[in-house]
Amino acid sequence: MATLIKISEIAQYEGQEVTVRGWLYHRTDKGRLQFLQVRDGTGIVQCVAFKKELPAEQFEIARKLTQESSVVISGTVRADKRAPGVPGKFEIGISQLELLQMAEEYPIQPKEHGVEFLMDHRHLWVRSLRQWAILRIRATIIRTIRNWLDEHGYLLVDTPILTPAAGENTTTLFEIDYFGTPAYLAQTGQLYNEANMGAFGKVYCFGPTFRAEKSKTRRHLMEFWMVEPEMAFYDLEMLMDEEEQFVSAIVQTVLAQHRQELEILERDITRLENVKPPFARITYDEAVERLNALAAETDDPERKAELAITWGDDFGAPHETALAEMFDKPVFVYHYPTAAKAFYMQPVEGRPEVCRSVDLLAPEGYGEITGGSERIYDPDLLRQRIDEIGINPENYAWYLDLRRYGSVPHAGFGLGVERTVAWVCGLPHIRETIPYARMLNRLYP
RNA sequence: UCCUCAGUAGCUCAAUCGGCAGAGCAUCCGGCUGUUAACCGGAGGGUUGUAGGUUCGAGUCCUACCUGAGGAGCCA
């Protein structure tokens with residue numbers, strides 16, 4: 001009886017009789033010889049059917065197999081440099097072929113397709129090699145996030161998805177009917193994180209978050225995954241130290257475990273190998289100066305207008321890209337204008353127009369992948385900021401409570417998983433970084 | 001929401017000045033014992049996004065709408 005194997009481990013079975021189960025990825029018809037590329041989720045292996053070596057009815061099945069038909073194949077593993085596949089270089093000489101289902105005409109061909117067509121067929125597109133590589137890297141990034149935080153003294157404490165009020169501002173929330181009262185899908189777990197921080201010291205939440213922004217860009221989704229660590233007794237510098245260790249660990253783990261997938265994606269890994277602490281740190285003031293200096297050097301008036309920035313404005317996509325291009329790895333930009341950031345961020349002492357906030361900009365135009373800050377821990381100042389912003393303090397009574405019972409300096413940040421995956425994989429658009437992207441005008445499949 | 005571009009066979013695209021709607025892939029049939037998105041021969045496959053208009057004649061020009069893409073704003 002043949003051994004049932006995973007295709008990823010085929011090299012261990014050279015010369016042995018094995019069985020693989022899976023789907024036909026591709027077939028080349030050479031008459032009395034059929035090359036079947038079979039995938040099982042772990043890899044792709046070429047299986048070779050010779051007319052002479054198979055019962056007539058089984059060879060006839062091989063000759064007729066359609067793309068994505070499900071099969072069980074047994075045969076002998078042999079090394080062959082010509083054999084394509086993942087990992088490749090080994091193939092199976094078929095001795096037995098069992099058909100589970102002959103697939104109907106499969107819509108996705110091994111060729112170029114349009115974006116709309118592929119997104120309409122996302123439930124099938126995830127079977128394609130590029131998507132296989134991307135989603136495996138995504139899984140590793142998520143696993144590394146959890147492992148790293150768990151190993152560095154953080155406790156996972158889940159925060160709710162159904163929430164009574166806005167985390168940041170009310171214009172970007174999905175509203176739902178909660179038995180007659182309005183509720184919202186969470187856009188952040190941060191406020192709850194701060195409560196949990198008071199209980200456990202270092203905590204994180206990790207899950208989907210929702211923004212109803214009508215954004216139509218390569219880096220926005222309506223539903224995206226975010227990990228948000230929150231740490232008691234951390235200041236901004238400690239926060240940056242922690243973030244650069246964390247982000248470097250993510251990138252280096254993918255490099256160590258997914259050379260094969262990065263190769264499939266044709267990712268230039270030299271830029272990733274460089275992602276190790278320390279990262280450059282510049283203030284918002286310096287960033288504005290650098291951008292305006294760059295704008296001054298530029299002759300193209302369009303480019304000049306794109307780069308020029310007035311102090312106080314938040315960065316747009318061209319600003320972030322231009323800033324990131326000045327460095328060979330991610331760069332921290334800190335001390336943003338208070339007015340441009342969330343109400344709970346700690347003002348800089350003696351200079352309240354800027355706050356103790358920091359964004360991390362990824363290289364190669366991937367933009368902001370983390371955003372964080374020291375939080376205001378003085379109850380009066382927090383109450384004052386809430387009044388200034390004009391939001392209803394009643395909704396934040398429990399949050400203000402946190403400052404009444406042993407308030408401590410603390411800080412935290414959020415990292416967007418999809419943007420990180422897009423950057424690590426070198427993808428032009430975020431839509432391929434999540435299995436089923438929720439975008440403006442797309443809720444299917 | 002704004003700007004730009006696009007919509008033709010299942011898919012990717014072509015169609016000159018407004019004049020017979022075509023190719024490759026996929027599918028089906030036939031050939032081939034080393035293919036790498038094989039190759040060779042044959043066949044079927046069309047409400048040109050929708051509605052209206054101009055014209056002897058519209059895939060092509062005009063108007064409105066729908067859908068999508070790229071960019072902007074907002075953000076992770």
Side-chain angles (χ1 to χ4, degrees), chain A residues 25-37 44 46-53 59 63-64 66-68 78 80-86 88-89 91 93 103-121 124-125 128-129 167-169 171-172 187-190 208-228 302 305-306 313-321 340-342 359-362 366-372 413-423 428-431 433-434 439-442:
Chain A
Y25 194 63
H26 189 68
R27 178 169 61 90
T28 304
D29 181 350
K30 283 284 296 176
R32 289 181 183 81
L33 183 58
Q34 299 288 326
F35 295 100
L36 312 179
Q37 285 191 51
I44 300 176
Q46 175 163 279
C47 303
V48 186
F50 281 92
K51 189 168 189 178
K52 289 196 295 198
E53 293 172 359
F59 185 81
R63 208 173 67 81
K64 297 283 182 183
T66 51
Q67 192 181 352
E68 291 303 317
R78 58 184 176 237
D80 192 319
K81 283 200 173 73
R82 296 167 297 183
V86 179
K89 311 274 189 242
E91 64 181 21
E104 293 176 29
E105 186 179 340
Y106 191 65
I108 300 176
Q109 298 167 34
K111 56 173 277 197
E112 292 291 320
H113 290 284
V115 170
E116 187 184 10
F117 176 81
L118 288 170
M119 290 303 285
D120 283 343
H121 294 84
L124 301 176
W125 191 23
S128 299
L129 188 57
E168 282 160 13
N169 75 68
T171 59
T172 62
Q187 63 172 187
T188 171
Q190 193 224 306
T209 51
F210 307 87
R211 308 251 167 122
E213 290 154 2
K214 298 218 165 179
S215 301
K216 189 182 152 334
T217 82
R218 64 178 64 190
R219 14 189 235 226
H220 285 86
L221 296 169
M222 303 302 114
E223 175 181 316
F224 67 98
W225 284 64
M226 185 159 67
V227 59
E228 296 176 275
E302 225 171 275
E306 210 174 56
D313 290 347
D314 210 345
F315 300 128
H319 298 125
E320 286 185 352
T321 303
K341 290 288 177 180
D359 286 354
L360 182 64
L361 307 182
Y366 285 95
E368 184 185 346
I369 52 170
T370 80
F413 69 96
L415 174 135
V417 168
E418 287 74 20
R419 285 188 183 177
T420 304
V421 175
W423 165 45
H429 199 293
I430 201 171
R431 62 185 157 231
T433 64
I434 187 167
M439 302 189 299
L440 202 59
N441 304 326
R442 178 166 296 278

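In what follows, chains are A, B, ... by sequence order, proteins preceding strands, each numbered from 1.
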Could you tell me whether the phosphate oxygens of [N], OP1 or OP2, come under 4.0 Å of any side-chain nitrogen or oxygen in [X]?
X        : N     : value
A/Arg219 : B/A72 : no
A/Lys216 : B/C75 : no
A/Asn441 : B/G68 : yes

Side chain of [X] - closest among [options]:
X        : options             : result
A/Lys30  : B/G73, B/U35, B/A76 : B/U35
A/Phe117 : B/U33, B/A26, B/U12 : B/U12
A/Arg63  : B/G70, B/G30, B/U35 : B/G30
A/Pro110 : B/G34, B/A37, B/C74 : B/A37
A/Arg32  : B/G34, B/U33, B/A72 : B/U33
A/Asp29  : B/G34, B/C32, B/A72 : B/C32
A/Arg82  : B/C32, B/U35, B/A69 : B/U35
A/Thr66  : B/C28, B/G73, B/U35 : B/C28

Flag the pair A/Met222 / A/Phe210 as yes when at least one side-chain heavy-atom distance between them is below 4.5 Å, and no otherwise.
->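 No, every pair of side-chain atoms sits at 4.5 Å or beyond.
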Kindly indicate whether the side chain of A/Pro110, heavy atoms from C-beta on, has any atom under 4.5 Å from the side chain of A/Gln67.
-> yes
Regarding [X], tell me which of base, sugar-phosphate or nothing describes its non-hydrogen contacts under 4.0 Å with the strands shown.
X        : result
A/Leu221 : base
A/Gly85  : nothing
A/Gly367 : nothing
A/Asp80  : base
A/Arg431 : sugar-phosphate
A/Lys64  : sugar-phosphate
A/Thr217 : base
A/His429 : sugar-phosphate

Strand partner of [N], provided both Watson-Crick or wobble distances fall under 3.5 Å:
N     : value
B/U35 : none
B/G57 : none
B/G44 : none
B/C25 : B/G10
B/C17 : none
B/G52 : B/C62
B/G70 : B/C3

Please give, in whole Å, the distance from [N] [atom2] to [X] [atom1]?
X        : N     : atom1 : atom2 : result
A/Glu105 : B/C11 : CD    : P     : 10 Å
A/Leu124 : B/C11 : CG    : P     : 14 Å
A/Gln109 : B/U27 : CD    : C1'   : 10 Å
A/Glu68  : B/G10 : CD    : P     : 21 Å
A/Glu306 : B/A72 : CD    : C1'   : 9 Å
A/Gln46  : B/A37 : CD    : P     : 11 Å
A/His220 : B/G70 : NE2   : P     : 14 Å
A/Asp313 : B/C75 : CG    : P     : 11 Å

Any N or O donor-acceptor pair linking the side chain of [X] to the base of [N] at under 3.5 Å?
X        : N     : answer
A/Lys52  : B/U33 : yes
A/Ser215 : B/C75 : no
A/Gln34  : B/G34 : no
A/Lys214 : B/G73 : no

Specify the residue among A/Glu116 and A/His319 whose closest nucleotide of RNA chain B lies further upstream toward the 5′ end.
->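 Result of the comparison: A/Glu116.
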Nearest nucleotide by nearest heavy atom, which residue falls closer to the 5' end of RNA chain B, A/Asp314 or A/Pro107?
->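 Looking at the nearest nucleotide for each, A/Pro107 comes out on the 5' side.
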In Å, rounded to the nearest 0.5 Å, how long is the span from CG of A/Leu440 to NE2 of A/His220?
->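 Separation between the atoms: 11.5 Å.
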The reported gap from CZ in A/Phe413 to CE in A/Met226 (rounded to nearest 0.5 angstrom) is 11.5 Å
Of the non-hydrogen atoms in A/Ala103 and A/Thr66, which two are nearest, and what is the gap between them?
->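 In terms of heavy atoms, the two residues are closest at O-OG1, 2.7 Å.
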By side-chain hydrogen bond (donor to acceptor under 3.5 Å, both in side chains), which residues pair with A/Asp314, not counting sequence neighbours?
->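 Applying side-chain hydrogen bond (donor to acceptor under 3.5 Å, both in side chains) to A/Asp314 gives none.
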Using the [atom1] atom on both, measure [N] against [M] and round to a whole Å.
N     : M     : atom1 : answer
B/C28 : B/U67 : P     : 36 Å
B/U47 : B/A9  : C1'   : 13 Å
B/G70 : B/G30 : C1'   : 46 Å
B/G73 : B/C2  : C1'   : 9 Å
B/A21 : B/U48 : P     : 11 Å
B/G7  : B/C61 : P     : 10 Å
B/U12 : B/A6  : C1'   : 14 Å
B/G19 : B/U27 : C1'   : 33 Å

May I ask you to decide if [Y]'s main-chain N or O and [X]'s side chain share a donor-acceptor pair within less than 3.5 Å?
X        : Y        : answer
A/Arg219 : A/Ile430 : no
A/Glu228 : A/Gly189 : yes
A/His319 : A/Glu306 : yes

B/G34 pyrimidine/purine six-ring stacking with A/Phe35, under 5.5 Å and 30° |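 No, the aromatic ring of A/Phe35 does not stack with the base.
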Syn/anti state for B/C32 [syn: chi within 90° of 0] =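 For B/C32, whose glycosidic angle is more than 90° from 0, the conformation is anti.
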Positive for side chain to side chain donor-acceptor pair (under 3.5 Å) with A/Gln34, one of A/Arg27, A/Lys64, A/Lys51, A/Arg63 |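 Among A/Arg27, A/Lys64, A/Lys51, A/Arg63, the one meeting side chain to side chain donor-acceptor pair (under 3.5 Å) with A/Gln34 is A/Arg27.
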